[in-house]
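First up is the structure itself, then whatever we jot down about it.
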Amino acid sequence: MPERHIVVVGGGISGLSAAYHLTKQAKRESISLRVTLVERENLWGGKIRTVREDGFVVEGGPDTFVTVKPWALELCRELGLWERLLPTNPHARRVFILWRGKLHLLPHGFLTFSPDLKGLFETDLLSWRGKLRVALGILLPKPQWDEDVSVGAFLGYYLGTEMTERVIAPLMAGVYGGDIRQLSARMTLPTLWQIAKLHRNLAWASLVRSLRRKLQRQSSNSQPSSYFMTLKSGLGELVETLLASLSEVNLVQGREAFQLRRDSESGRLIVTLDDGSQLAADAVILATPAWSAANLLKPLDADLADELFSIPHTHAITVSLSFDRSQVSHPLNGSGFLVAPEDQRESLLLACTWTSSKFPPRAPQGKVLLRAFVNKWVEMDDSELVNAIVEALRPLLGIKGEPERSWVFRWENAMPQYTVGHAKKVVRINERLKGLHKVFLAGNYLTGIGIPDCIRSGREAAEKAIRAILRGNSS
């Protein structure tokens, strides 16, 4: 078999995963394969951005990944990073909700949608009427949902307005940066959606599932006990280790792919870069944001491009702050807080992670590291934004003085929104892709936004590309 060439466009975690699995599978299949990975930025890793500075480990993008989805853990094991995994501090797993200007403890289990009834009835987040409404949800008839509904409508039916607005809304905003009145229940809560389809009582079925999962995890020594994991030197360690494993991949950095076409004579795909150079490929994986993939695909399939353009995105800004411990009077006895929608209207805050409590190695001894998430795009310069965030946090955490250090990260169009009907959109996208010979997509805008899902999407795209090449060779 002659040498084949696959071009991966996009050097975020999806593209890195695709390149890694391409080289791995090519060796397994004994394929002569050349891989080129193109990244327009001067940094690899996409939204994974770790800064290490004088004992601080600061994440500009995601700071953890979930362990219930196996793909990130599997990759860490393959790369020799298993011993580098760092779980959430077991003494700081409590999460708070900012509601009506005060921090209230989130009922145990609701962070993972595995409710603890004792915690539910002890919480001061809900009135007794709200708690009763949650309890009465088990008596409601099973609804006949359409193919998709919003998270607000879906969980509002079972849990009532108070629980949905004060607990579910901030949780979903913390994960997706979106509005529960628009987010798709089917896509953002797929397990609960399936449980609701199969069982009359969502709450009871969820509780049984949670208990079973807990027992399974306790009986398995190979699985980490923490729901969230990171790496000791930050998630940038995953990017750096992946890059080191790609010694056989042609890494093209600081160059943007601005055109994708098919050569009429050879049938090969031609990727043109912004410096005028061209890469002839037997297959192409687009591991870019949706709008970037749409721009490249528009000449090949305008309808497919329109589907990708139609996926909405929200912006994201994170502000990390360091203080001497003596400057913060709050005990910081948890991993942070989320902000209820009604309080977001009064503040720039969407959430705040108490990073030095959640992961103590992230800050030097005697220092506090906080990370605030801004709830809207603002045009303030960095110093103005830092001042505004400090003033918002000051009364909540008892902060005195000014931060010793600050780090601001701005991400435009960072968070794809899985709005109602997104599942059908994904079906249409996949159908259109079938008509594009040997072009594949990977990224966070189709079926999962977290790091494990991005890794999975890169691996699946690599597997499809290899299969396509093998089919082409046999024909």
Side-chain donor or acceptor of [X] paired with backbone N/O of [Y] under 3.5 Å:
X: Arg394; Y: Leu397; answer: no
X: Gln327; Y: Lys400; answer: yes
X: Asp148; Y: Ser184; answer: no

(request) Would you mind reporting whether Val368 and Trp354 have side-chain heavy atoms less than 4.5 Å apart? (result) no
(message) With heavy-atom distances below 4.5 Å as the criterion, would you say the side chains of Phe359 and Glu59 are in contact?
(response) no
(request) Output, in order, the C-alpha distance, side-chain angles, deciding distance and verdict of side-chain hydrogen bond (donor to acceptor under 3.5 Å, both in side chains) for His104 and Thr123. (result) CA-CA 8 Å; His104 303 260; Thr123 183; over 6 Å; no
(message) Less than 4.0 angstrom from a charged side-chain N to a carboxylate O is my criterion; do Lys425 and Glu307 meet it?
(response) no
(message) Any carboxylate oxygen within less than 4.0 angstrom of a Lys/Arg side-chain nitrogen, looking at Asp343 and Arg100?
(response) no
(request) Could you verify whether a donor N or O on one side chain and an acceptor N or O on the other, from Thr230 and Arg362, lie under 3.5 Å apart? (result) yes
(message) Quick one about Arg52 and Ser233 (side-chain donor to acceptor, distance below 3.5 Å, no hydrogens or angles considered), yes or no?
(response) no
(request) Indicate the ring-plane relationship of Phe96 and His330, choosing parallel, tilted or perpendicular according to the 30° and 60° boundaries. (result) perpendicular
(message) Classify the ring geometry of Phe154 against Tyr158: parallel below 30°, tilted from 30° to 60°, perpendicular beyond 60°.
(response) perpendicular
(request) Have a look at Leu370 and tell me which of Val390, Thr355, Ile399, Val319 forms a side-chain contact (heavy atoms from CB on, under 4.5 Å) with it. (result) Ile399
